[in-house]
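First up is the structure itself, then whatever we jot down about it.
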There are 2 protein chains.
Amino acid sequence: MTDFETRERAWIALNRVRTRIYRDAERALVAAGLPKLNWYDVLWELEQYPDGLRPVRLQELLLFDQSSFSRQVMRMAEEGLLTREPAEDDRRGKVLRITPKGREIRARMWVIYRSHIDRGMQSAIEAGSLEDVEVASRRR
Amino acid sequence: MTDFETRERAWIALNRVRTRIYRDAERALVAAGLPKLNWYDVLWELEQYPDGLRPVRLQELLLFDQSSFSRQVMRMAEEGLLTREPAEDDRRGKVLRITPKGREIRARMWVIYRSHIDRGMQSAIEAGSLEDVEVASRRR
DNA sequence: TGACTGTGGATGTATTTGCACTGAATTGAT
DNA sequence: ATCAATTCAGTGCAAATACATCCACAGTCA
């Protein structure tokens with residue numbers, strides 16, 4: 001097998017595993033009346049920056065589209081999960097900060113998300129679904 | 001590190017790699033005036049089944065939402081990439097078949113998609129981004 | 001200072017998504 | 001054979017998405 005074929009198989013495997021876990025976790029969250037995973041990522045990232053974070057930075061960290069992200073942040077602020085204050089040193093910009101409610105929601109989401117990661121990864125590994133990834137990455 | 005932490009790190013790594021490649025490949029496709037990757041997956045799958053495939057099967061293979069998928073198939077049929085004929089043995093259902101144009105578009109998409117998989121996986125592997133996945137999968 | 005270019009973020013708009021529901025056809029139990 | 005339960009696929013509708021564009025401000029260079 002060529003290196004490209006190896007990488008291609010790894011890509012397919014990786015893609016499958018991630019899609020399944022992502023979709024299942026997301027459904028479980030919605031069923032529990034909690035937000036979806038893109039909200040989770042924002043909350044998690046904001047928890048790493050207690051001093052706040054500029055939307056642009058966050059957006060590029062998470063590889064989100066700018067305009068969608070702008071509206072997503074607006075909705076999250078409306079729900080009280082984060083605050084959006086003017087940046088002191090740049091009058092164009094904002095600073096995002098997670099709220100206590102945001103932390104609480106993230107924690108509740110994590111319980112569910114975590115269990116899906118755990119079970120999903122476990123079964124992918126047991127089923128050998130990630131073998132191709134392993135092979136590819138050992139070719140380095 | 002506990003097994004769970006290992007799996008969690010693997011999940012994060014896997015998710016990052018897949019998001020970056022997926023997004024970049026999709027942008028390149030759109031820039032080339034070609035359809036997005038969910039269309040690609042449908043076309044690829046249909047090429048594996050020259051006798052055609054029922055929408056339900058395809059939808060569960062690809063883990064798509066049923067109603068979104070129904071409309072996606074409609075759009076793809078409008079573009080002439082596939083045909084949607086009544087199923088012979090089940091008057092509720094349809095049979096999807098790829099068209100020559102569908103094959104051609106898929107081939108053109110593959111040139112671009114392939115290069116992104118190749119470069120993306122290559123650089124992820126070189127950067128060690130998949131090491132956590134490797135470790136997790138070797139814990140089996 | 002003033003003009004020029006670049007950046008941060010919001011918004012108008014068309015397209016796409018996902019949920020709930022529907023109608024038609026099939027399956028299975030009795 | 002009948003009738004309830006299930007399956008397949010499509011649709012109305014509200015919400016989310018992506019693209020292009022816009023405005024306000026920043027940075028740069030003369």
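Quick note on labels: first sequence line is chain A, next is B, and so on, each numbered from 1.
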Touch check for [X], heavy atoms < 4.0 angstrom, all strands: base, sugar-phosphate only, or nothing?
X: A:Arg84; result: sugar-phosphate
X: A:Asn38; result: sugar-phosphate
X: B:Arg27; result: nothing

[X] [atom1] - [N] [atom2] separation (whole Å):
X: B:Met74; N: C:dT15; atom1: CE; atom2: C1'; answer: 14 Å
X: A:Leu63; N: D:dA18; atom1: CG; atom2: P; answer: 12 Å
X: B:Gln72; N: D:dT17; atom1: CD; atom2: C1'; answer: 15 Å
X: A:Leu53; N: C:dG9; atom1: CG; atom2: C1'; answer: 15 Å
X: B:Glu26; N: C:dT16; atom1: CD; atom2: P; answer: 12 Å
X: B:Asp65; N: D:dG12; atom1: CG; atom2: P; answer: 17 Å
X: B:Phe69; N: C:dG18; atom1: CZ; atom2: P; answer: 13 Å
X: B:Leu29; N: D:dA18; atom1: CG; atom2: P; answer: 15 Å

Determine whether a donor-acceptor pair (one donor, one acceptor, N or O, separation below 3.5 Å) exists between the side chain of [X] and the base of [N].
X: A:Arg57; N: C:dG9; answer: no
X: A:Gln66; N: C:dA10; answer: yes
X: B:Arg92; N: D:dT7; answer: yes

Task: Contact nearer the 5' end of DNA chain D, comparing B:Arg71 with B:Gln59 - done: B:Gln59
- [ ] Would you kindly check if the NZ (Lys) or CZ (Arg) of B:Arg7 is within the cone defined by 45 degrees around the ring axis of B:Phe4 and under 6.0 Å from the six-membered ring centre?
- [x] no
Task: Where B:Leu58 and B:Val42 come nearest, the two heavy atoms and their spacing - done: CD2-CG1, 4.0 Å
- [ ] Of all the heavy-atom pairs spanning B:Met121 and A:Ala10, show the shortest one and how long it is.
- [x] CE-CB, 3.5 Å
Does [X] place a side-chain N or O at less than 4.0 Å from the phosphate oxygens OP1/OP2 of [N]?
X: A:Arg23; N: C:dG18; value: no
X: A:Arg91; N: D:dA26; value: yes
X: A:Arg54; N: C:dG9; value: yes
X: A:Ser67; N: C:dA10; value: no
X: A:Ser68; N: D:dA18; value: yes

TODO: Flag yes if more than 12 heavy atoms outside B:Arg9 fall under 6.0 Å of its CZ atom; otherwise flag no.
DONE: no
Open item on the list: Assess the residue pair B:Arg114 and A:Glu8 against the criterion (salt bridge (Lys or Arg N to Asp or Glu O under 4.0 Å)); give the C-alpha distance rounded to whole Å, side-chain angles, the decisive distance to 0.1 Å, and a yes or no.
Closed with: CA-CA 8 Å; B:Arg114 174 189 175 119; A:Glu8 185 192 338; 5.4 Å; no
- [ ] For A:Asp90 and for B:Phe64, find the nucleotide of DNA chain C with the closest heavy atom, then tell me which residue's nucleotide is more 5'.
- [x] A:Asp90
Open item on the list: Using 30° and 60° as the class boundaries, would you call the ring planes of A:Tyr113 and B:Trp11 parallel, tilted or perpendicular?
Closed with: perpendicular
